[in-house]
Amino acid sequence: MDRYAVAHASRNGPGDARPTALQIVQDELQYGDKSSSSLSELTIVITGATSGIGYETAQALYATGAKLFITARDTAKARQAIDRIVSSISPVNGRRYQEIEVVCMDMDSLASMRHAAGEILTRAKTINVLINNAGAYRLSCPRIHTKDGLERNWGVNYIAHFLLTHLLLPRLEASSSPVRRSRIVNLSTTGHRLFPTHLEDPNFEKTPYEPMSAYATSKLALIYHANYLDRHFSDRGIRAVSVHPGTIRTPMLDKYDALRSEKVDLPPAYAEELKSAEQGAATTVFAAIAACLEDKGGVYLENCTYGKEAAEDLGPMDGGYAAFAFDEEVEERLWKDTCKLLGVSEAL
Ligand SMILES: NC(=O)c1ccc[n+]([C@@H]2O[C@H](COP(=O)([O-])OP(=O)(O)OC[C@H]3O[C@@H](n4cnc5c(N)ncnc54)[C@H](OP(=O)(O)O)[C@@H]3O)[C@@H](O)[C@H]2O)c1
């Protein structure tokens, strides 16, 4: 697990010694997965691969030879991303690369989520890995709603991914094997411990709206979701983890920085801590394929290893998860409430 500890010991900004997603793939093919053909037998679903971390995740996983399904609200943009991915990977040792398929999925709409899940189930005979990567990050006030009337961070980041996962769980279970358990990877953020969260009022109907709190609430819920899934489905062959990718200048972060630049002093370590998008996708790819994580789950990963519980006075650049991010009672309640909201069965 500590293969990348030295590379993360000092930080010098994007492109420094910290590994990229492609580096993780190369290492896994060389050291982790002795039968290199088995990664190419995987089917992987990735939400939001049109830009940023999702794009880099797809590019690296494509290089394994796995079958990829990427979801996107803008399928033309997804096809452009695929063209870039395919032309960027040079063939290695006769490795066979499989066509990447696009599934149209507007995460602002639960009807679109159900339709897209049906489409995936029709086209993917097996699903070994689900990467819940897509993310909305609305910083504007007043709050914006999804088509189903949910606060947008909550609706897109958490509720839409919950529904997708729920609908794909039976296929993930059926695709699991004793040598390779199916995996679910939820993209969270260290922000879950930096801003007040409002799980009791996630649509901000009673609480004054604060965009960063809305984002943090949705990302805390994704950690709870992964913890619940791992606790209840690990004995059925499904492992689930949450990931903090680091701080990466993707379109998402650019919007945030542009908005806050005049108001907030950036921490001194901010520039050093920043990763490139290629590095930002490394922990996701590690979570998806690392052999050392086989049969592990219910954990929070960052910097390609287990994250640590953060002391309360730790700053934004110090990483780590909040102690309250692991709470069985809250996780159980959230699962029940979300199933009720979506009208899906609590017991699968
Ligand atoms: N960047 C960071 O520093 C950072 C830090 C912590 C966690 N994260 C997490 O990492 C994940 C990826 O973020 P990123 O930085 O790579 O952001 P990004 O470049 O803005 O990518 C976000 C992806 O989500 C898709 N998406 C957003 N809203 C959608 C919707 N309503 N329906 C369908 N797709 C939608 C986007 O599609 P379009 O191309 O159509 O917009 C895009 O593919 C997110 O979950 C984010 O919360 C990022």
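We number each residue from 1, following the sequence as shown. In each ligand, atom 1 is the first atom listed, and ligand 1 is the first ligand listed. FYI, side chains are in, hydrogens and waters are out, and symmetry mates aren't considered; it's all heavy atoms of this structure.
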### Query
Quick one: does Gly54 get an N or O within less than 3.5 Å of an N or O on ligand 1?
no
### Query
Given the side-chain rings of Tyr224 and Phe326, with only the six-membered ring counted for Trp, is the space between their centroids under 6.0 Å?
no
### Message
Measuring from atom CZ of Arg114 to atom CG of Leu167, what distance do you get when rounded to the nearest 0.5 angstrom?
### Response
6.0 Å
### Task
Give a yes-or-no answer on whether the side chains of Thr284 and Asn133 include a donor-acceptor pair shorter than 3.5 Å.
no
## Note on the structure
Per-atom filter on ligand 1: closer than 4.0 angstrom to a heavy atom of Ala134 are 24 (O), 25 (C), 45 (O)
### Query
For ligand 1, does Tyr55 get within less than 4.0 Å through its side chain, its backbone, both, or neither, judged by non-hydrogen atoms?
neither
### Query
Are His192 and Tyr321 an aromatic pair by the rule of ring centers under 6.0 Å?
no
### Summary
When rounded to the nearest 0.5 Å, the distance separating CH2 of Trp154 from OH of Tyr215 is 14.5 Å
### Task
Taking only heavy atoms of Thr247 into account, list the atoms of ligand 1 that are under 4.0 Å away from them.
3 (O)
### Message
Checking side-chain polar atoms at under 3.5 Å, does His232 have a donor or acceptor matched by the opposite partner on Glu332?
### Response
yes
### Message
If you take the nearest heavy atom of each of Thr189, Ile53, Thr284, Asp106, which one is closest to atom 48 (C) of ligand 1?
### Response
Ile53
## Note on the structure
Honestly, for Ala72 the part within reach of ligand 1 (heavy atoms, under 4.0 Å) is neither
### Task
Measure the distances from the heavy atoms of Ala277 to every atom of ligand 1 and state whether one is below 4.0 angstrom.
no
### Query
For the atom pair OH (Tyr306) and CG (Asp2), what is the distance rounded to the nearest 0.5 Å?
9.5 Å
### Query
Should one rank Val156, Leu274, Asn133 by closest heavy-atom distance to atom 45 (O) of ligand 1, which comes out on top?
Asn133
### Task
Could you list the atoms of ligand 1 found under 4.0 angstrom from a heavy atom of Leu187?
10 (O), 45 (O)
### Axial cation check for Phe69 ring with Lys67, 6.0 Å and 45° limits
yes
### Message
Heavy atoms only, cut-off 4.0 Å: how does Asp74 contact ligand 1, side chain, backbone, both, or neither?
### Response
neither
### Task
Using a strict cut-off of 4.0 Å, indicate which atoms of ligand 1 neighbour a heavy atom of Lys219.
44 (C), 45 (O), 46 (C), 47 (O)
### Task
Check ligand 1 against Ser188 and write out every atom of the ligand that is under 4.0 Å from a heavy-atom position of the residue.
6 (C), 7 (C)
### Task
State the atoms of ligand 1, each with its element, that fall below the 4.0 Å cut-off from a heavy-atom position in Gly52.
16 (O), 19 (O)
### Query
Looking at Phe233, does the NZ or CZ of Arg239 lie under 6.0 angstrom from its six-membered ring centre and within 45 degrees of the ring axis?
no
### Query
Can you check whether Pro245 has an N/O within less than 3.5 Å of an N/O in ligand 1?
no
